[in-house]
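Just so it is clear, the structure is predicted and the values come from calculations on it, not from any experiment. Quick note: residue numbers are just sequence positions, from 1.
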Amino acid sequence: MKLAAARAIALALPEVTEADHHGRSSFRVRGKIFATVPDHEHFNVMLPDDVVDLALQRAPTACTPLRWGRQLAGVRVALTAIKPTQLADLLAEAWRIKAPRALATR
């Protein structure tokens, strides 16, 4: 998958904006970051531990744990190794977690 296609998947979610985050692109829902672009070949998707474990099981060649210090923060996704539907599912879950409840339940 190309970076442009991954961006399109993220931006297709309701009320998502793309903005700079320390020199990198980030995807936000009402100001809350749910994904970032560390380079042209990866997406960082912010997810809780249980969803990270599931992502690692379902896409072991595409996903690696993403840590901020010692804390597990999500998954780093290799765009060349993930199916578009898998990335869409991960982004939708990260979006749902960050979106306000009223928006997420629409």
Side-chain angles (χ1 to χ4, degrees):
M1 172 183 310
K2 301 283 187 192
L3 181 57
R7 274 194 162 104
I9 291 169
L11 290 169
L13 294 164
E15 296 189 30
V16 170
T17 58
E18 185 174 1
D20 180 73
H21 181 69
H22 304 287
R24 300 176 179 182
S25 290
S26 67
F27 296 91
R28 303 164 186 244
V29 56
R30 295 199 185 168
K32 294 184 178 181
I33 296 173
F34 67 93
T36 62
V37 181
D39 58 50
H40 286 81
E41 297 175 357
H42 296 91
F43 249 50
N44 290 339
V45 183
M46 311 318 173
L47 296 164
D49 295 1
D50 60 330
V51 181
V52 168
D53 292 341
L54 188 58
L56 296 173
Q57 290 171 16
R58 290 187 176 171
T61 60
C63 296
T64 56
L66 175 66
R67 296 189 179 279
W68 285 168
R70 292 184 182 184
Q71 181 179 0
L72 186 61
V75 292
R76 174 164 287 184
V77 179
L79 296 177
T80 58
I82 194 142
K83 296 176 184 175
T85 54
Q86 290 173 313
L87 181 61
D89 289 346
L90 292 173
L91 290 171
E93 182 64 15
W95 175 91
R96 186 190 62 74
I97 291 165
K98 296 289 184 169
R101 183 173 290 163
L103 179 60
T105 57
R106 275 195 227 164

A.B. asks: Just verifying a value: how many Å separate His42 NE2 and Cys63 SG, rounded to the nearest 0.5 Å?
C.D. replies: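 His42 atom NE2 to Cys63 atom SG measures 10.5 Å (nearest 0.5 Å).
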A.B. asks: Are Phe34 and Ile97 connected, step by step, through hydrophobic side chains (Ile, Leu, Val, Met, Phe, Trp, Tyr) whose heavy atoms are closer than 4.5 Å?
C.D. replies: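 Different clusters.
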A.B. asks: Considering residues at least two apart in sequence or located in another chain, which fulfil the side chain to side chain contact (heavy atoms under 4.5 Å, CB included) criterion with Glu18?
C.D. replies: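 Result, side chain to side chain contact (heavy atoms under 4.5 Å, CB included) vs Glu18: Arg7, Leu11, Ser25, Phe27.
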A.B. asks: Once you round to the nearest 0.5 Å, how far does NZ of Lys32 lie from CH2 of Trp95?
C.D. replies: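 Rounded to the nearest 0.5 Å, the NZ-CH2 separation comes to 12.5 Å.
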A.B. asks: Tell me, please, which residues at least two apart from Lys83 pass side chain to side chain contact (heavy atoms under 4.5 Å, CB included).
C.D. replies: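 With sequence neighbours excluded, Lys83 shows a side chain to side chain contact (heavy atoms under 4.5 Å, CB included) to Thr85, Gln86, given in chain and number order.
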A.B. asks: Leu66: which other cluster members, linking ILVMFWY side chains closer than 4.5 Å, directly or transitively?
C.D. replies: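 Result for Leu66 is Met46, Trp68.
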A.B. asks: Provide the closest heavy-atom pair for Asp20 versus Arg28 in the form atom of the first, atom of the second, distance.
C.D. replies: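 Answer, listing the atom of Asp20 first, then Arg28: O-NH2, 3.4 Å.
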A.B. asks: For Arg96 and Glu93, work out which heavy atoms get closest and say how close.
C.D. replies: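 Heavy-atom minimum between the residues: NH2-OE2, 2.5 Å.
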A.B. asks: Using the rule side chain to side chain contact (heavy atoms under 4.5 Å, CB included), only one of Leu90, Ile82, Thr36, Leu91 pairs with Phe43; which is it?
C.D. replies: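 Only one option passes, and that is Leu91.
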A.B. asks: For the side chain to side chain contact (heavy atoms under 4.5 Å, CB included) test, which of Asn44, Thr64, Leu47, Leu54 pairs with Val75?
C.D. replies: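 Result for side chain to side chain contact (heavy atoms under 4.5 Å, CB included) with Val75: Leu47.
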A.B. asks: Could you see if Ile9 belongs to whatever hydrophobic cluster contains Leu103? Use Ile, Leu, Val, Met, Phe, Trp, Tyr and a side-chain cutoff under 4.5 Å.
C.D. replies: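 Linked, Ile9 and Leu103 end up in one cluster.
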A.B. asks: Hydrophobic cluster membership, with links at side-chain heavy-atom distances under 4.5 Å among I/L/V/M/F/W/Y: are Val16 and Ile33 in one?
C.D. replies: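 No: no chain of side-chain contacts under 4.5 Å links Val16 to Ile33.
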A.B. asks: Between atom CD of Glu41 and atom CG of Leu3, what is the distance when rounded to the nearest 0.5 Å?
C.D. replies: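 With rounding to 0.5 Å, CD (Glu41) is 10.0 Å from CG (Leu3).
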